Amino acid sequence: MEKRFPALILAVLLAFCLSAAGLAADTRIHVRSPEQGVKAGEEFQVSVELAGNPGFSSVQFKLAYDTDSVECLNVTPGNLLDGTISASNPNHHGGAFVAATVASVIYGDGVLADVKFLARRDLDAFHFTLDDVILAVGVNNNRILFDITGTDGANDAETPVFVPATPTVSP
């Protein structure tokens, strides 16, 4: 029986690691933009949404945009960040920056942030990217679910901005 105990512990740890990787693989952060274009001078809202949430206690990201095409007016934490300590900067070096943390774990899908823009010119399509994305869970955020830097590409209302990386454990 004593020889089986280490093997049992190893099997449980392996199952946990594989299930965490599976959960993260189904998790997506989307940028939801208006379905129709906007005219110069019109305001519009973009939402950064989390789907397939495995649970997190800290998040940060920058929503990058073309400063010649749009002006960021403000950033409001979304419903998923209710009750968190959060900070945002609508004009952080060509992007809107959001960071939030909480002592517990946040579960469920929803909106991480709503970002209000002013169109500087007529826009038929919207081009946003997420950069410096970190989604973490655990005491002292010791398990990083995503650490994505330098993502790029255009998006529309239904396109995921990035495919998450395999979870890693911080030292």
Side-chain angles (χ1 to χ4, degrees), residues 15-36 38 43-66 70 72-117 125-170:
F16 174 76
C17 289
L18 291 175
S19 67
L23 285 173
D26 294 337
T27 303
R28 300 282 186 267
I29 294 180
H30 300 266
V31 175
R32 185 166 306 280
S33 56
E35 293 181 12
Q36 297 178 347
V38 295
E43 294 181 2
F44 65 96
Q45 180 173 298
V46 168
S47 295
V48 178
E49 301 175 348
L50 176 62
N53 178 9
F56 70 94
S57 54
S58 293
V59 63
Q60 82 169 36
F61 59 87
K62 180 174 84 171
L63 177 66
Y65 52 87
D66 177 6
V70 298
C72 186
L73 301 176
N74 66 29
V75 179
T76 305
N79 67 307
L80 278 179
L81 302 185
D82 288 346
T84 65
I85 299 169
S86 63
S88 62
N89 182 346
N91 300 300
H92 179 73
H93 305 292
F97 184 80
V98 176
T101 190
V102 67
S104 59
V105 177
I106 297 169
Y107 294 100
D109 297 346
V111 177
L112 293 169
D114 291 313
V115 186
K116 189 175 186 179
F117 288 96
F126 301 93
H127 300 282
F128 297 97
T129 58
L130 284 176
D131 197 4
D132 301 327
V133 178
I134 296 177
L135 188 64
V137 67
V139 177
N140 298 321
N141 297 315
N142 62 357
R143 188 163 59 111
I144 305 295
L145 296 175
F146 309 138
D147 186 354
I148 309 296
T149 304
T151 59
D152 57 63
N155 76 290
D156 59 31
E158 299 299 325
T159 305
V161 176
F162 69 84
V163 177
T166 303
T168 59
V169 178
S170 298

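Fair warning: this is a prediction, and the values are worked out from it, not measured in the lab.
Nearest approach of Ala96 to Val115, heavy atoms of both residues: CB-CG1, 4.2 Å. The shortest heavy-atom contact between Leu80 and Tyr107 is CD2-O, 4.1 Å. The two residues Gly95 and Tyr65 come nearest to each other via the heavy atoms CA-CE2, 3.4 Å. In plain terms, the two heavy atoms of Val46 and Pro34 that are nearest each other are CG2-CD, 4.5 Å. Across all their heavy atoms, Asn91 and Asn89 have their closest contact at N-OD1, 3.0 Å. Across His93 and Lys62, no two heavy atoms sit closer than the pair O-NZ, 3.5 Å.
Separating the CD atom in Gln45 from the OG1 atom in Thr76 is a distance of 7.5 Å, to the nearest 0.5 Å. Interatomic distance, CG of Asp131 versus CG of Leu63, reported as 10.5 Å (0.5 Å rounding). Rounding to the nearest 0.5 Å gives a distance of 13.5 Å between CG of Asn53 and CZ of Arg28. Atom CG of Asn79 sits about 9.5 Å away from atom OG of Ser47, to the nearest 0.5 Å.
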Working for side-chain contact (heavy atoms from CB on, under 4.5 Å), residues Phe56 and Thr27: CA-CA 11 Å; Phe56 70 94; Thr27 303; over 6 Å; no
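Phe61 has its side chain out of reach of Ile29: every pair of non-hydrogen atoms, C-beta onward, lies at least 4.5 Å apart. You'll find the side chain of Leu135 reaches within 4.5 Å of the side chain of Leu50, heavy atoms only. Contact of the Val75 side chain with the Val98 side chain is registered, since non-hydrogen atoms from C-beta on lie closer than 4.5 Å.
A side-chain contact (heavy atoms from CB on, under 4.5 Å) with Gln60 is found for one member of Thr101, Asp132, Val133 and no other, namely Asp132.
Looking at residues two or more places apart in sequence or on another chain, you find a side chain to side chain contact (heavy atoms under 4.5 Å, CB included) between Leu73 and Glu43, Glu71, Lys116, Leu118. Under the rule for a side chain to side chain contact (heavy atoms under 4.5 Å, CB included), the partners of Ala51 that lie at least two apart in sequence or sit in another chain are His30, Asp109. Residues passing the ring-ring contact (aromatic ring centres under 6.0 Å, His included) test with Phe44 are Phe117, Phe126, sequence neighbours excluded.
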